[in-house]
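The sequence lines fix the lettering, A, B, ..., with proteins before strands; numbering per chain opens at 1.
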Number of protein chains: 2
Amino acid sequence: MTNSWAQEKHDGFDMVARLRASGLRPTRQRVALGELLFACGDRHLTAETLQEEAQRANVQVSLATVYNTLHQFTEAGLLREVSVDGARTYFDTNVSDHHHYFVEGENCLIDVDGQIRIGEVPAPPEGMEVTSVEVVVRCRRIGTS
Amino acid sequence: MTNSWAQEKHDGFDMVARLRASGLRPTRQRVALGELLFACGDRHLTAETLQEEAQRANVQVSLATVYNTLHQFTEAGLLREVSVDGARTYFDTNVSDHHHYFVEGENCLIDVDGQIRIGEVPAPPEGMEVTSVEVVVRCRRIGTS
DNA sequence: ATTTGTGCAAATCGTTTGCATCTGA
DNA sequence: TCAGATGCAAACGATTTGCACAAAT
């Protein structure tokens with residue numbers, strides 16, 4: 001009884017259903033990437049990172065598809081895009097309201113546990129509405145000049 | 001007596017001295033870019049923006065030099081780099097501690113006037129020290145889907 | 001004279017796009 | 001069947017780099 005159902009059970013979630021629920025066709029690649037992304041806890045990864053991971057898992061997907069998938073997942077609310085680096089774009093599997101440490105030099109993101117209280121955010125400029133407030137705590141490993 | 005001194009006086013500051021004080025050779029291009037940058041209030045610009053402005057002012061500088069200059073100025077503490085967009089890098093002539101609105105769709109930065117109080121920032125991960133805390137208030141023009 | 005900066009064009013990096021082919025419903 | 005997804009390779013935009021030449025001390 002080692003069928004695909006058992007596999008889904010083992011992963012703790014049914015990626016096919018999750019994709020369907022988001023209006024995305026459960027294609028081989030999307031399911032595979034989704035399982036890589038959401039198998040374990042919160043993660044921050046770039047397109048390239050994810051592709052490498054896929055290769056290691058013997059899933060072959062083109063980089064273009066990885067990008068497509070990441071953006072589709074983001075649009076579907078399964079991922080959150082974080083731009084802190086200027087160079088690359090990070091995708092966060094934690095879509096809840098939270099903030100980040102950005103480790104300079106290592107170029108990695110770490111979730112800030114717990115809420116950061118932000119004193120009243122001044123009203124946005126005339127005719128604007130706030131869509132989100134992001135706090136980035138930049139840090140570096142001690143001893144790194 | 002329309003000498004270079006008079007020019008400096010007119011601009012309200014001596015860019016040559018300012019560069020020297022920062023350990024930068026006051027070359028024609030650096031002085032010109034510096035004067036464009038710091039002539040009026042706080043500004044947020046990209047390398048390309050600055051080059052266009054230079055062209056308009058009949059100062060010819062290569063894009064490579066604009067990039068070099070912006071980075072050197074940043075290193076010297078005359079500018080602050082802001083990455084909120086993923087695509088381009090903004091340089092802020094206001095180096096004081098402050099935060100930004102980022103207008104989606106228009107891709108422009110606006111200073112947040114006044115302080116944003118940030119409730120205690122959780123300690124950074126082991127072995128790390130905080131270098132800066134940045135708040136980006138993303139907003140959009142009302143009516144823009 | 002020596003050091004440092006500049007311009008150009010080519011190279012690089014992350015990301016996107018066009019299009020022919022394949023696949024899931 | 002056939003809309004929608006994928007892969008590839010070329011296109012892209014922002015930024016960097018290598019190197020010959022020019023300018024500052």
Side-chain angles (χ1 to χ4, degrees), chain A residues 4 14-34 36 44-55 58-76 78-79 81-91 107-109, chain B residues 4 14-34 36 44-55 58-76 78-79 81-91 107-109:
Chain A
S4 59
D14 185 340
M15 188 48 64
V16 173
R18 209 159 158 189
L19 289 173
R20 284 228 168 81
S22 300
L24 294 170
R25 271 203 205 170
T27 65
R28 200 182 298 111
Q29 314 44 359
R30 295 214 267 236
V31 173
L33 293 176
L36 286 172
H44 306 95
L45 19 77
T46 64
E48 227 165 330
T49 309
L50 180 56
Q51 200 200 19
E52 283 161 19
E53 215 167 284
Q55 317 247 255
N58 284 313
V59 178
Q60 84 108 45
V61 257
S62 72
L63 194 50
T65 298
V66 173
Y67 275 108
N68 284 338
T69 303
L70 286 171
H71 287 136
Q72 291 150 356
F73 281 19
T74 301
E75 207 151 330
L78 301 173
L79 291 176
E81 217 172 319
V82 187
S83 25
V84 278
D85 181 47
R88 56 202 110 258
T89 301
Y90 293 87
F91 293 86
N107 294 341
C108 76
L109 284 172
Chain B
S4 57
D14 186 340
M15 188 48 64
V16 173
R18 209 158 158 189
L19 290 172
R20 284 228 168 80
S22 300
L24 293 171
R25 275 199 200 172
T27 66
R28 199 181 302 110
Q29 327 20 15
R30 296 216 267 237
V31 173
L33 292 177
L36 285 172
H44 306 94
L45 22 78
T46 65
E48 226 164 331
T49 309
L50 180 55
Q51 201 200 20
E52 283 162 18
E53 215 166 284
Q55 317 247 256
N58 284 311
V59 178
Q60 85 107 43
V61 258
S62 73
L63 196 49
T65 297
V66 172
Y67 275 108
N68 285 338
T69 303
L70 286 172
H71 287 136
Q72 292 150 356
F73 281 19
T74 301
E75 207 150 329
L78 301 173
L79 290 177
E81 217 172 319
V82 186
S83 26
V84 279
D85 181 48
R88 54 202 113 261
T89 301
Y90 292 86
F91 292 86
N107 295 339
C108 76
L109 284 172

Trainee: Tell me, for nucleotides 9-24 of chain C in 5' to 3' order, what letter each nucleotide earns: B for a base near a protein heavy atom under 4.0 Å, S for only sugar-phosphate near one, - for neither?
Mentor: -----SBBB------B
Trainee: CD of B:Glu81 versus C1' of D:dA14: gap in Å, rounded?
Mentor: 13 Å
Trainee: As an exercise, state the distance from OG1 of B:Thr89 to CD of B:Glu48, rounded to the nearest 0.5 Å.
Mentor: 12.0 Å
Trainee: Once you round it to whole Å, what is the distance between C1' of D:dG4 and CG of A:Leu19?
Mentor: 14 Å
Trainee: If I take atom CG in residue B:Asn107 and atom P in nucleotide D:dG13, what distance separates them, rounded to the nearest angstrom?
Mentor: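 That distance rounds to 15 Å.
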Trainee: Can you tell me how far P of C:dT3 sits from CG of B:Leu24, to the nearest Å?
Mentor: 19 Å
Trainee: Taking the side chain as C-beta and beyond, is there a heavy-atom pair between A:Pro26 and A:Met15 under 4.5 Å?
Mentor: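 Heavy-atom side-chain distance check fails, nothing below 4.5 Å.
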Trainee: CG of B:Leu33 versus P of C:dG5: gap in Å, rounded?
Mentor: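 Those two atoms, CG and P, are 14 Å apart.
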Trainee: Can you check the B:Glu52 CD to D:dG13 C1' distance for me, whole Å?
Mentor: 14 Å
Trainee: Less than 4.0 angstrom between a side-chain N/O of B:Gln60 and OP1 or OP2 of C:dT6, yes or no?
Mentor: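 No, B:Gln60 has no side-chain N/O under 4.0 Å of OP1/OP2 on C:dT6.
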Trainee: Find out whether B:Tyr67 and B:Gln51 are in side-chain contact, i.e. whether some heavy atom of one side chain is under 4.5 Å from a heavy atom of the other.
Mentor: no
Trainee: Can you tell me how far P of C:dT6 sits from CG of B:Leu70, to the nearest Å?
Mentor: 12 Å
Trainee: Rounded to the Å, how far apart are B:Arg30 CZ and D:dA23 P?
Mentor: 15 Å
Trainee: Name the nucleic acid region contacted by A:Gln72, choosing base, sugar-phosphate or nothing; use a 4.0 angstrom heavy-atom cut-off, strictly under.
Mentor: nothing
Trainee: Does B:Thr65 place a side-chain N or O at less than 4.0 Å from the phosphate oxygens OP1/OP2 of C:dT6?
Mentor: no
Trainee: Going by side chain to side chain contact (heavy atoms under 4.5 Å, CB included), A:Val66 matches just one of A:Asn68, A:Leu70, A:Thr69. Which one?
Mentor: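 With A:Val66 as partner, A:Asn68, A:Leu70, A:Thr69 yield a single side chain to side chain contact (heavy atoms under 4.5 Å, CB included), made by A:Leu70.
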Trainee: When rounded to the nearest 0.5 angstrom, what distance separates CG in B:Leu24 from CG in B:Leu78?
Mentor: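 CG of B:Leu78 is found 7.0 Å from CG of B:Leu24.
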Trainee: Do A:Phe91 and A:Glu81 touch side chain to side chain, with heavy atoms closer than 4.5 Å?
Mentor: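 Yes; the side chains approach each other to less than 4.5 Å.
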Trainee: Using side-chain contact (heavy atoms from CB on, under 4.5 Å), reason through A:Gln72 and A:Arg30 one step at a time and then give a plain yes or no.
Mentor: CA-CA 10 Å; A:Gln72 291 150 356; A:Arg30 295 214 267 236; 2.8 Å; yes
